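Structure record follows, encoded as structure tokens.
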Number of protein chains: 2
Amino acid sequence: MDQERPVKLSDISKALNLSVSTVSRALKDSHEIGEETKKIVQSYAARVNYRPNLIAQSLKEMNTRYIAIIVPEISNSFFAEVVNGVEFVANNQGYHVVIYQTHDSTEREINIIRDVARRKADGLLLSPSTNQKEVKEVMKSIGAKLPVVYFDRVPSDNYCHKVVCDNYQAAFDATTWLIKLGKRRIAHMAGPSGISISIERLAGYSAALLNAGISVDPNLIRYSNFLAREAWDNLRDLEEKFQPDAYFASSDRLSFYCYEAVQKLPEPRALEVKIVGFTNAPFAHLLRPKLSAIVQPAFDMGKIAAEMLLNTITKKNKDIEYGFIKLPAVLKNTE
Amino acid sequence: MDQERPVKLSDISKALNLSVSTVSRALKDSHEIGEETKKIVQSYAARVNYRPNLIAQSLKEMNTRYIAIIVPEISNSFFAEVVNGVEFVANNQGYHVVIYQTHDSTEREINIIRDVARRKADGLLLSPSTNQKEVKEVMKSIGAKLPVVYFDRVPSDNYCHKVVCDNYQAAFDATTWLIKLGKRRIAHMAGPSGISISIERLAGYSAALLNAGISVDPNLIRYSNFLAREAWDNLRDLEEKFQPDAYFASSDRLSFYCYEAVQKLPEPRALEVKIVGFTNAPFAHLLRPKLSAIVQPAFDMGKIAAEMLLNTITKKNKDIEYGFIKLPAVLKNTE
DNA sequence: TTAATTTACGCAAACGATTGCGTAAAATGG
DNA sequence: CCATTTTACGCAATCGTTTGCGTAAATTAA
């Protein structure tokens, strides 16, 4: 029944007076093994609860049947949904998904990428916190053969697989919506400068302003890295000096920081200042006054990214055809 | 520089005209190798970017230097924080953490446990969705030698490592607080019956009522599994038939469902009905009216669970000393 | 100077599974 | 009845590391 030590092929082979290779083949229903023998081996294996050692299998087969996904933070609903999409596809194809988080630390990110490579994951889904040049370098240094699909935050070149949402359009729409509400001094709480999503969202924001004949005021654009501290300083400074009449926030966390900061303002302003931000938080719609949300199709992004990855993994022909998918985001809670 | 195929020991050994074993030992700074040779090997390995194949290493060493954590849902802030605590400790000790989610599916959970065992994770942190008898059976069937620490949802017996928060006391305090506010018809939205947290939280709730001379009304106690549907049906039914003047919700999700359901009620009641629930959601305090929150020390729970696990992994002596840690939860947003 | 020891390395087995190839015995063909 | 094919299995190499043991050469001891 329950053995002290996992049973292996050689245990079975000894018990049944067969060779290890016969047992191995019998268990995979090889035609080279007699029906009788197969039955015996299979039923015995079932009885003693034999489970192949995946480490050994992986070493021999040179694949591991799992893919890794590296995200900044699993508690971020956007990434959690992406992961769910990835799992949905991967599990259907017999792959396991292992999740790593970087907490937006470059050091951690690089360590994890190296580890994933050394553990021979069959593929990697990556939304890098680290700047793209460095990431690409790391990817090169690990000795190839690790297929990668980038999502959300992606390199700018076209020599890689990418899945994103239409950040430009979403930012444009959200900003335009604020303008239609009569807002003019719209602040933009941007993510770290230099990464793709920040650039595109800023571009959409700027285009919407210009499109409405409003000039882009650099004072109203604030970059925050991943520290709460920075965001709060930016918000306080904005309120003291410029009193924006609306905020457009570029990430989940920034959206909520904005919201909290605004709610702390004295009465009239607290209700007048509009906030729209990227967020997939499932309970954002419960907030009063409303937090308007740009919701990304996270689950689908995960599904598509996983499909692209698994395609390149199982692809026989080596001709790389890089994919670039862009999905629309939607604006919600606009009453 | 960047090679087409990861370089292995034998590549180095050929290039330097040394045996594989010498190279291996040189790289781990063995005293059996001459200083001169070590320098040569090490610098060459660095130049060609040698990284040991962890699959091969694991097979030989019979350990993998990583631990697995299986949670119902990573987007649940409580579990996300636990994971962070686990990572904090594990990474400090040179272990990687891989995260799996079950989505509260027994089938997935069992599959994952089996997979973790077959991949030879060095240990497992588990908050099982599945009933304890079945889980324990699965744990047995995988052929021992997989140390486990349970957290949050734990088996009732004392023959395992456990880390929990004081669910009974937290539920007692929360319910007592509602009573002090003058509430008398306090509904309890409980999680799936049969698992530890549901039982303890229900017990705390009941004790608080009895302690205040209020009889426990079974009509006000509703069990919901993991489907949103069930929770909503329960809430609608409660409102139609019993109009509770307060809700005590047993989980993150239930807390928000309650909150949303109550906010949808007609004006006077929507503001009068109090809600207190277990949640670690970082933005729960932004809700108006307030959602009072029982916040668990999730990060610490993760840290402690990981420490317990790593202790039993590295323990030389085989005498199992089962640990059982219980931490206090705190009541927040009570104005 | 000779024996004992140390140094510095190589050989080969092992971890657990897979698989190409070889080969008895059985089955088939003519 | 003999030659050929098929069936059913075993042997041994392999995946990339690690490590016990063996052994020449170098060093030390006496």
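Proteins come first, then strands; the chains are lettered A, B, ... in the order of their sequence lines, and each starts at number 1. These numbers were taken from a predicted model, which means no experiment stands behind them.
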>> Please check this pair: side chain of A/Asp122 against backbone of A/Thr64, looking for a donor-acceptor N/O pair closer than 3.5 Å.
In response: yes

>> Nearest to the side chain of B/Leu18, heavy atoms from C-beta on, is which of D/dG10, C/dC9, D/dT19?
In response: C/dC9

>> Regarding A/Glu32, tell me which of base, sugar-phosphate or nothing describes its non-hydrogen contacts under 4.0 Å with the strands shown.
In response: base

>> Under the criterion side chain to side chain donor-acceptor pair (under 3.5 Å), I'd like the reasoning laid out for B/Glu87 against A/His103: C-alpha separation, chi angles, the key distance, then a yes or no.
In response: CA-CA 11 Å; B/Glu87 284 181 341; A/His103 302 291; 2.9 Å; yes

> To the nearest Å, how far apart are A/Leu16 CG and D/dG10 P?
Replying inline: 10 Å

> Contact class for A/Lys60 (heavy atom, under 4.0 Å): base, sugar-phosphate, or nothing?
Replying inline: base

>> Rounded to whole Å, how long is the line connecting atom NZ of B/Lys28 with atom C1' of D/dT18?
In response: 7 Å

>> Would the distance check show the side chain of B/Gln42 and the main-chain N or O of B/Ala26 forming a donor-acceptor pair, the cut-off being under 3.5 Å?
In response: yes

> B/Arg118 has an atom CZ; how far is it from atom P of C/dA17, in whole Å?
Replying inline: 11 Å

> Start at the 5' end of DNA chain D and walk down; is the nucleotide closest to A/Val23 or to B/Gln57 reached first?
Replying inline: A/Val23

>> Using a heavy-atom cut-off of 4.0 Å across all strands, would you classify B/Ser10 as base, sugar-phosphate, or nothing?
In response: nothing

> Just checking A/Thr37: base, sugar-phosphate only, or nothing, at a heavy-atom cut-off of under 4.0 Å?
Replying inline: sugar-phosphate

>> side chain to side chain donor-acceptor pair (under 3.5 Å), that's the test. Do A/Asn49 and A/Arg51 meet it? Break it down for me.
In response: CA-CA 6 Å; A/Asn49 228 307; A/Arg51 310 277 168 190; 3.1 Å; yes

> In terms of side-chain heavy atoms of B/Ile33, which of C/dT18, D/dG16, C/dC9 is nearest?
Replying inline: C/dC9

>> Below the 4.0 Å mark, does D/dT17 have OP1 or OP2 next to a side-chain nitrogen or oxygen of B/Tyr50?
In response: yes

> Base, sugar-phosphate, or nothing for A/Ile55, non-hydrogen atoms under 4.0 angstrom?
Replying inline: nothing

> Separation of B/Met62 atom CE from C/dA13 atom P, in whole Å?
Replying inline: 19 Å

> Going by modelled atom types, is there a donor-acceptor pair between the base of C/dC11 and the side chain of B/Ser21 at under 3.5 Å?
Replying inline: yes

> To the nearest Å, how far apart are B/Asn17 CG and C/dA8 C1'?
Replying inline: 16 Å

> Going by an N to O cut-off under 4.0 Å, is there a salt bridge joining A/Asp29 and A/Lys38?
Replying inline: yes

> Atom CG of B/Asn63 to atom P of C/dG16: distance rounded to whole Å?
Replying inline: 13 Å

>> Under 4.0 Å from OP1 or OP2 of D/dC9: is there any side-chain N or O of A/Thr22 that close?
In response: no

> Just how far, in rounded Å, is P of D/dT7 from NZ of A/Lys38?
Replying inline: 12 Å

> Nearest-Å distance, NZ (A/Lys39) to P (D/dC9)?
Replying inline: 13 Å

>> Closest approach to the side chain of A/Leu59, judged atom by atom: which nucleotide of C/dA17, D/dG16, C/dT18 is it?
In response: D/dG16

> Can you tell me if A/Ser24 uses its side chain to pair, donor with acceptor, with the backbone of A/Val20 under 3.5 Å?
Replying inline: no

>> Looking only at the side chain of B/Glu61 (C-beta and beyond, no hydrogens), which of the listed nucleotides D/dT18, C/dT18, D/dT17 gets closest?
In response: D/dT18

> Which listed nucleotide (C/dC9, C/dG20, C/dT18) is nearest to the side chain of A/Arg25?
Replying inline: C/dG20

